[in-house]
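Before any comments, here is the structure.
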Amino acid sequence: MDDSEKVGDMETNINELAQDLEKCCLGNPDVEVIHTGSGFEGLSLPHLDQRQAWNTDADHMIIRTNLKLHQGMKLGDKDVEEGVSDEHDLSGGSERGEGFAAATNMDLAENVLYIYDALHPGYVHASNKKFFDPIDSASVREQCLQNSKFIESSQGLIPLSDTVIMSPEGGSITGPSYSLPSAGGSFTVNRDFVYGLRCESWPSQAEEWIQRDRSHNWPSSGLISEISAQGCHIVPVGSHTSDLREFEWRFSFSVAEMMLARSLTENHKLAYSVLKALIKSEIEVA
């Protein structure tokens, strides 16, 4: 089997399982499925030491669209007024840590969450309360949503066990995702499934990327504007070095990465893939 046939088989396998996941979520109007990763970006490449086997990644983001995110107070913002404001109470009660568990059975179509910069760059806290003062650790634990509660409620809403994707054994939990390797003889696909939420606007933490000086005009200003207009996503995982990791969410720019990958020429993609394969082979040897 030549390389073109291997690629064709691999792409067919990836697309079939992506369609199966979409069918699983089809009856839920509050769910959007986004497929990213090298398998969907056209950045797969054979192993340098085993040319008979191709290797690629297929990442599947399951986005709950019934929760709207808004930027709350940013680190360094000047205080406006004191206290917090209850916009939409997801908890249905006042017990600490019950926020998302109690929200599971509610109509969340109009619910709003506010995100606040965590101490670690690239991470935020999420709360149904609008704060006007910087939040301390105690407030985070009392007023912000635990990422594990979100995962639990999402698993009840969209059970991945119903899909053909999940029928093989050998999966593992890594951070916020369920990872499942799948071998097809001439190729290997490493799949990750993760729940998340969409940020409608581009986050202030990533503003530097928009304003960055670029000497080679890539990406173009038009593509930068298109990417920033798409916003981004957050996924339920905290920094490994944080004492508040169970209340932190990590920004995901997978859609932006997909748009950047699709703007590359075939020669650019080949150069990128070869470099990525070389780096990976060196790490595995070390």
Side-chain angles (χ1 to χ4, degrees), residues 25 28-34 61-118 122-136 138-158 176 194-207 228-238 244 246-256:
C25 300
N28 193 323
D30 298 325
V31 171
E32 175 188 10
V33 181
I34 299 174
M61 297 179 66
I62 304 167
I63 306 303
R64 291 182 58 175
T65 58
N66 56 337
L67 290 171
K68 307 300 182 182
L69 296 183
H70 293 287
Q71 177 72 59
M73 184 177 182
K74 300 185 289 291
L75 286 177
D77 278 357
K78 184 177 181 180
D79 297 352
V80 179
E81 59 180 277
E82 296 181 355
V84 300
S85 171
D86 292 329
E87 295 290 333
H88 293 271
D89 189 357
L90 302 187
S91 66
S94 59
E95 292 296 322
R96 180 185 300 186
E98 291 183 356
F100 237 104
T104 306
N105 298 320
M106 294 175 61
D107 179 8
L108 300 177
E110 299 299 324
N111 276 324
V112 174
L113 295 179
Y114 294 91
I115 57 173
Y116 303 92
D117 293 347
Y123 294 87
V124 293
H125 302 296
S127 176
N128 60 307
K129 300 182 185 298
K130 188 172 184 180
F131 294 89
F132 295 102
D133 283 326
I135 51 177
D136 55 19
S139 297
V140 168
R141 296 184 184 279
E142 292 178 359
Q143 308 289 355
C144 294
L145 299 177
Q146 287 182 276
N147 45 45
S148 60
K149 295 293 185 182
F150 173 80
I151 296 174
E152 290 172 8
S153 67
S154 299
Q155 288 173 338
L157 187 64
I158 314 115
V194 62
Y195 297 106
L197 295 170
R198 182 183 177 188
C199 299
E200 298 288 342
S201 58
W202 192 255
S204 58
Q205 288 193 38
E207 186 66 25
S228 61
Q230 294 291 321
C232 66
H233 297 85
I234 60 172
V235 293
V237 63
L244 296 170
E246 68 269 31
F247 296 95
E248 290 179 342
W249 302 62
R250 186 176 66 205
F251 280 120
S252 170
F253 297 95
S254 294
V255 173

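Numbering starts at 1 and runs along the sequence shown.
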Check: N147/E248 side-chain N/O donor and acceptor closer than 3.5 Å: no
Heavy-atom closest pair, residues A206 and F253: CB-CZ, 3.8 Å
Closest approach of F251 to P203 (non-hydrogen atoms, all atoms of both residues): CZ-CB, 3.4 Å
Test side chain to side chain contact (heavy atoms under 4.5 Å, CB included) applied to C25 and E32, step by step: CA-CA 8 Å; C25 300; E32 175 188 10; over 6 Å; no
I115 side chain reached by H70 side chain, heavy atoms, under 4.5 Å: no
Pairwise side-chain contact, H233 with S254, heavy-atom cut-off 4.5 Å (strictly under): no
Ring pair (Phe, Tyr, Trp, His ring centres under 6.0 Å) partner of W249, the single match among Y114, Y195, F150, Y123: F150
Working for side-chain hydrogen bond (donor to acceptor under 3.5 Å, both in side chains), residues T65 and R198: CA-CA 7 Å; T65 58; R198 182 183 177 188; over 6 Å; no
Within-4.5 Å side-chain heavy-atom neighbours: D117 and Q71: yes
N28 to D30 - nearest heavy-atom pair and separation: OD1-N, 2.9 Å
Distance in Å, D136 CG paired with Q143 CD, rounded so as to fall on 0.5 Å steps: 10.0 Å
Side-chain touch M61/S252, heavy atoms, less than 4.5 angstrom: yes
Donor-acceptor under 3.5 Å (Q205 side chain, G122 main chain): yes
pair C232-V255: side-chain heavy atoms closer than 4.5 Å: no
H125 (side chain) donor-acceptor with F247 (main chain) under 3.5 angstrom: yes
Heavy-atom side-chain proximity of N66 to N111 below 4.5 angstrom: no
Rounded distance (nearest 0.5 Å) linking atom OG of S127 with atom CD1 of I135: 7.5 Å
Within the 6.0 Å centroid threshold, strictly below: F131 and Y116: yes
Pairwise side-chain contact, V31 with I62, heavy-atom cut-off 4.5 Å (strictly under): yes
CA sep, side-chain torsions, deciding dist, call: I63, L197, side chain to side chain contact (heavy atoms under 4.5 Å, CB included): CA-CA 5 Å; I63 306 303; L197 295 170; 5.5 Å; no
Sub-4.5 Å side-chain heavy-atom contact between E200 and L69: no
